[in-house]
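Below is one structure, written out as structure tokens, with a few remarks after it.
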Amino acid sequence: MNQPISVDLPHSLGKDEARRRIANNTHKLAEHIPGGAQTSSSWAGDELTLNVSAMGQGIEAKILVEDARVRVQMMLPPLLAMFAKPIESMLRSKGSDVLLEDHSKR
């Protein structure tokens with residue numbers, strides 16, 4: 001059975017800066033997935049649709065950028081559903097670091 005995950009990541013960057021940082025960081029998600037992954041993404045306004053494929057599994061995530069938070073929503077396929085709690089916990093603790101880190105000054 002599929003398992004939904006929804007995580008809010010608060011920020012104080014403003015919508016435009018948060019969107020810019022997410023756009024600059026989505027390609028780095030594969031580095032955080034054991035064994036690597038394939039990623040693709042597309043924007044529609046302030047919502048990013050992100051597709052991640054790893055270990056024969058595919059996940060589509062919707063990332064909505066708002067003024068003071070980023071809402072990440074995804075549906076885990078049955079094989080990954082058993083890892084829903086650890087994945088949600090990782091998103092809460094590391095999601096802002098991965099998605100909102102600023103690499104433009106390096």
Side-chain angles (χ1 to χ4, degrees):
M1 176 175 224
N2 290 344
Q3 177 69 41
I5 291 179
S6 182
V7 174
D8 287 341
L9 304 173
H11 67 82
S12 58
L13 301 169
K15 188 188 310 186
D16 292 338
E17 179 63 12
R19 188 181 189 285
R20 183 191 70 78
R21 289 185 186 191
I22 290 168
N24 288 339
N25 290 332
T26 54
H27 71 281
K28 297 175 185 156
L29 289 174
E31 298 170 7
H32 298 275
I33 298 173
Q38 299 292 322
T39 63
S40 64
S41 61
S42 63
W43 286 95
D46 292 323
E47 184 174 82
L48 173 68
T49 299
L50 177 65
N51 293 293
V52 180
S53 298
M55 297 181 282
Q57 299 295 302
I59 298 171
E60 181 179 281
K62 300 286 187 182
I63 302 173
L64 179 63
V65 181
E66 298 177 351
D67 289 328
R69 73 175 177 185
V70 172
R71 173 165 283 175
V72 180
Q73 297 177 306
M74 67 179 70
M75 185 70 70
L76 296 177
L79 187 61
L80 296 176
M82 69 179 90
F83 300 108
K85 292 291 183 195
I87 291 171
E88 184 175 344
S89 177
M90 187 278 306
L91 278 172
R92 288 187 192 286
S93 67
K94 302 285 185 193
S96 292
D97 294 341
V98 174
L99 292 174
L100 298 171
E101 188 174 6
D102 187 8
H103 294 283
S104 65
K105 295 175 178 71
R106 293 182 182 185

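Position 1 is the first residue of the sequence, and the numbers go up from there. Just so it is clear, the structure is predicted and the values come from calculations on it, not from any experiment.
- The side-chain heavy atoms of L9 and V72, taken from C-beta on, include a pair separated by under 4.5 Å.
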Show every donor-acceptor pair shorter than 3.5 Å between a side-chain atom in residues 40-53 and any protein atom, with sequence neighbours excluded, or say none if there are none.
unit_1 : atom_1 : unit_2 : atom_2 : d
D46    : OD2    : K15    : NZ     : 3.2
T49    : OG1    : K62    : NZ     : 2.9

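- F83 is connected to L91 through a chain of hydrophobic side-chain contacts under 4.5 Å among Ile, Leu, Val, Met, Phe, Trp and Tyr, so both are in one cluster.
- Taking CD1 of I22 as the start and NE2 of H11 as the end, the distance is 7.0 Å to the nearest 0.5 Å.
- Linking ILVMFWY side-chain heavy atoms closer than 4.5 Å, directly or via other members, places M75 and M82 in two distinct hydrophobic clusters.
- The line from CZ of R19 to CG of L64 is 11.0 Å long, rounded to the nearest 0.5 Å.
- By the 4.5 Å heavy-atom criterion applied to side chains, M1 and P78 are not counted as neighbours.
- Considering every non-hydrogen atom in both I59 and P77, the closest pair reads CG1-CD, 3.9 Å.
- Among residues two or more places apart in sequence or in another chain, the side chain to side chain donor-acceptor pair (under 3.5 Å) test is passed with Q3 by none.
- Scanning both residues, A84 and I5, for their nearest heavy atoms gives O-CD1, 3.7 Å.
- Environment of CD in E60: crowded, with over 12 heavy atoms of neighbouring residues, nucleotides or ligands closer than 6.0 Å.
- Grouping the Ile, Leu, Val, Met, Phe, Trp and Tyr side chains by contacts below 4.5 angstrom, directly or via other members, places V70 with V7.
- In this structure, CD1 in I87 is found 4.5 Å from CG in L76, a value given to the nearest 0.5 Å.
- Residue pairs meeting the salt bridge (charged side-chain N to carboxylate O under 4.0 Å, His left out) criterion with at least one member in residues 76-88, sequence neighbours excluded, are E88-R92.
- Listed by first and then second residue, the side chain to side chain donor-acceptor pair (under 3.5 Å) pairs involving residues 65-84 are D8-R69, D8-R71, E66-R69 (not counting sequence neighbours).
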